[in-house]
There are 2 protein chains.
Amino acid sequence: MDIQQLISDGFAIKKYPKDAIIYEPGMSPRYVYFIKSGEVRMVTVSKDGKEFIQGVFKTGQYFGEPALIVNRKYLAYTIASKDSEIIPVAKNQFFNLVENTPGFSINLIQTLCNRLFYKSMMLEELANEKAEHRLLTIINYLLNDIETGESLKVSRQELADMTGLRVETVIREVKILSDKGLIHTEKGKIIRHF
Amino acid sequence: MDIQQLISDGFAIKKYPKDAIIYEPGMSPRYVYFIKSGEVRMVTVSKDGKEFIQGVFKTGQYFGEPALIVNRKYLAYTIASKDSEIIPVAKNQFFNLVENTPGFSINLIQTLCNRLFYKSMMLEELANEKAEHRLLTIINYLLNDIETGESLKVSRQELADMTGLRVETVIREVKILSDKGLIHTEKGKIIRHF
DNA sequence: TTATAAATATGATATAGATCATAATTTAAC
DNA sequence: GTTAAATTATGATCTATATCATATTTATAA
């Protein structure tokens with residue numbers, strides 16, 4: 001789905017400053033959200049306040065469809081990680097787009113499959129693997145998205161929130177991975193080496 | 001998608017006896033599998049042999065699309081949990097069905113969203129919640145699918161494999177849940193009370 | 001450039017759940 | 001109905017990681 005197309009079709013752009021909440025658990029879904037610029041994270045929060053990052057969405061992507069499509073209340077918060085411009089597309093308009101935009105339903109299917117793939121991978125990790133293995137798996141997953149020589153712009157806290165571990169554990173285990181030569185670090189930054 | 005329709009369209013039915021492996025990790029996807037009868041479980045297995053149940057598929061459902069659609073090798077095993085009759089639909093034929101069967105792409109989208117919803121819920125549980133909470137969550141989820149007064153036909157081992165816990169832990173925690181009145185059991189069977 | 005905040009680091013201790021071992025029930029098979 | 005196999009049960013330890021406490025380093029703002 002092309003964001004520019006949405007804009008020329010007259011959909012309004014809404015601005016969310018960094019840390020603004022776009023929706024929260026318990027709300028009934030009314031829109032699908034297309035990101036014109038910025039970045040959004042989807043997190044669930046446990047009773048004692050621990051966050052788990054369910055996903056991160058960037059410019060050009062959309063989020064919020066699953067709850068809307070299965071007609072259930074949101075399970076997660078979505079929060080702007082940076083100042084963001086977002087186009088909320090109302091339910092019926094979204095279904096129109098799916099039906100009438102050539103290639104959109106296939107694109108949606110592929111998007112959903114990609115997310116399922118990621119979640120299956122993480123479920124296996126959380127269910128069966130120890131801290132070190134879990135970390136190596138997401139780190140390699142994240143490194144895939146950046147250029148050789150670049151560093152991960154993800155804090156230890158964020159790694160913790162993606163793996164269900166605690167910061168201290170992440171810090172210690174990242175060091176172990178680095179010592180073992182399984183990842184490369186420079187001044188604490190995790191680098192894509194190849 | 002209607003299984004009878006597939007059969008009258010001439011798709012062949014393949015029989016898998018209980019415990020037969022339909023596909024395994026590392027294989028390249030070539031089919032989507034429609035279940036005419038029986039039951040299939042999708043499991044990932046860790047190096048030390050611990051199983052995690054990613055999903056269970058029953059008569060009338062289909063499985064195996066995500067890896068095929070995102071063009072990646074399977075991550076999981078799928079294994080017949082009962083004697084099963086399954087219709088493998090080759091990749092290009094599956095894409096034909098998606099494009100040409102009215103309502104099928106919407107059905108697929110809904111199916112994918114339901115699975116995403118389940119996986120998001122389980123990720124939150126595995127990342128943030130303790131054994132007792134995790135168990136209560138899947139037990140309630142599973143009880144939703146059966147009639148009031150009926151009992152769950154799921155062993156403690158299967159509950160363990162769905163939650164990433166160990167049998168002994170599941171046995172102990174189910175007892176605690178029962179003592180607290182949060183679930184109902186009779187002779188070890190978990191009963192849907194309301 | 002200095003002050004302040006955020007992120008990373010590291011040690012000491014606690015604990016949920018794994019692991020190991022063995023027994024008691026329940027279910028299935030003959 | 002009896003035997004065998006599977007499931008559930010329960011106790012005793014062990015261990016990975018959480019938790020708590022306090023530094024040190026790096027980034028940000030004034």
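Sequence lines set the chain letters: A, B, ... in the order given, protein chains first and strands last, and positions in each chain run from 1. Since we're looking at a predicted model, the values are computed, not measured. Just so it is clear, the values below take in all heavy atoms, side chains as well, and ignore hydrogens, waters and symmetry mates.
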| said: Between A:Y33 and A:F57, is the ring centroid distance below 6.0 Å? | reply: no
| Between atom CZ in B:R166 and atom C1' in C:dA21, what is the gap in whole Å? | 16 Å
| query | Is the distance from OP1 or OP2 of C:dT26 to the nearest side-chain N or O of B:K189 less than 4.0 Å? | reply | no
| A:Y62 vs A:F104 aromatic rings, parallel, tilted or perpendicular, using cut-offs 30° and 60°? | perpendicular
| query | Starting at CD of B:E173 and ending at C1' of C:dT15, how long is that distance when rounded to a whole Å? | reply | 13 Å
| Start at the 5' end of DNA chain D and walk down; is the nucleotide closest to A:E132 or to B:R156 reached first? | B:R156
| task | Give a yes or no on this: more than 12 heavy atoms of other residues, nucleotides or ligands lie within 6.0 Å of atom NZ of A:K47. | result | no
| remark: Taken to the nearest whole Å, CD1/A:I190 to P/C:dA7 is 15 Å
| said: Could you check whether any side-chain heavy atom of B:L108 comes within less than 4.5 Å of a side-chain heavy atom of B:F94, counting everything from C-beta outward? | reply: yes
| message | Without decimals, in angstroms, what is the distance between A:E158 CD and C:dA6 C1'? | response | 13 Å
| said: Are A:E85 and A:K15 packed together at the side-chain level, in the sense that at least one heavy-atom pair is separated by less than 4.5 angstrom? | reply: yes
| message | Reading DNA chain D in the 5' to 3' direction, which nucleotide is the first one with an atom under 4.0 Å from a heavy atom of chain B, and which is the last? | response | D:dT8 to D:dA12
| task | Round to a whole Å and report the spacing from CG of B:L159 to P of C:dG17. | result | 15 Å
| field | 5' precedence on DNA chain D between A:E168 and A:K130 (nearest-nucleotide basis) | value | A:K130
| message | Does any part of the side chain of B:I183, heavy atoms only, come nearer than 4.5 Å to the side chain of B:V174, both counted from C-beta? | response | yes
| remark: Whole-Å distance, A:L135 CG to C:dT8 P, equals 13 Å
| remark: To the nearest angstrom, the CG-C1' distance between A:L165 and C:dT8 comes to 16 Å
| message | Using a distance-only criterion (donor-acceptor N/O pair, under 3.5 Å, no hydrogens), is the base of C:dT19 paired with the side chain of B:R172? | response | yes
| request: Would you mind reading off the distance between B:I171 atom CD1 and C:dT26 atom P, rounded to a whole angstrom? | output: 13 Å
| query | Would B:V170 end up clustered with B:L143 when hydrophobic side chains under 4.5 Å apart are linked, directly or stepwise? | reply | yes
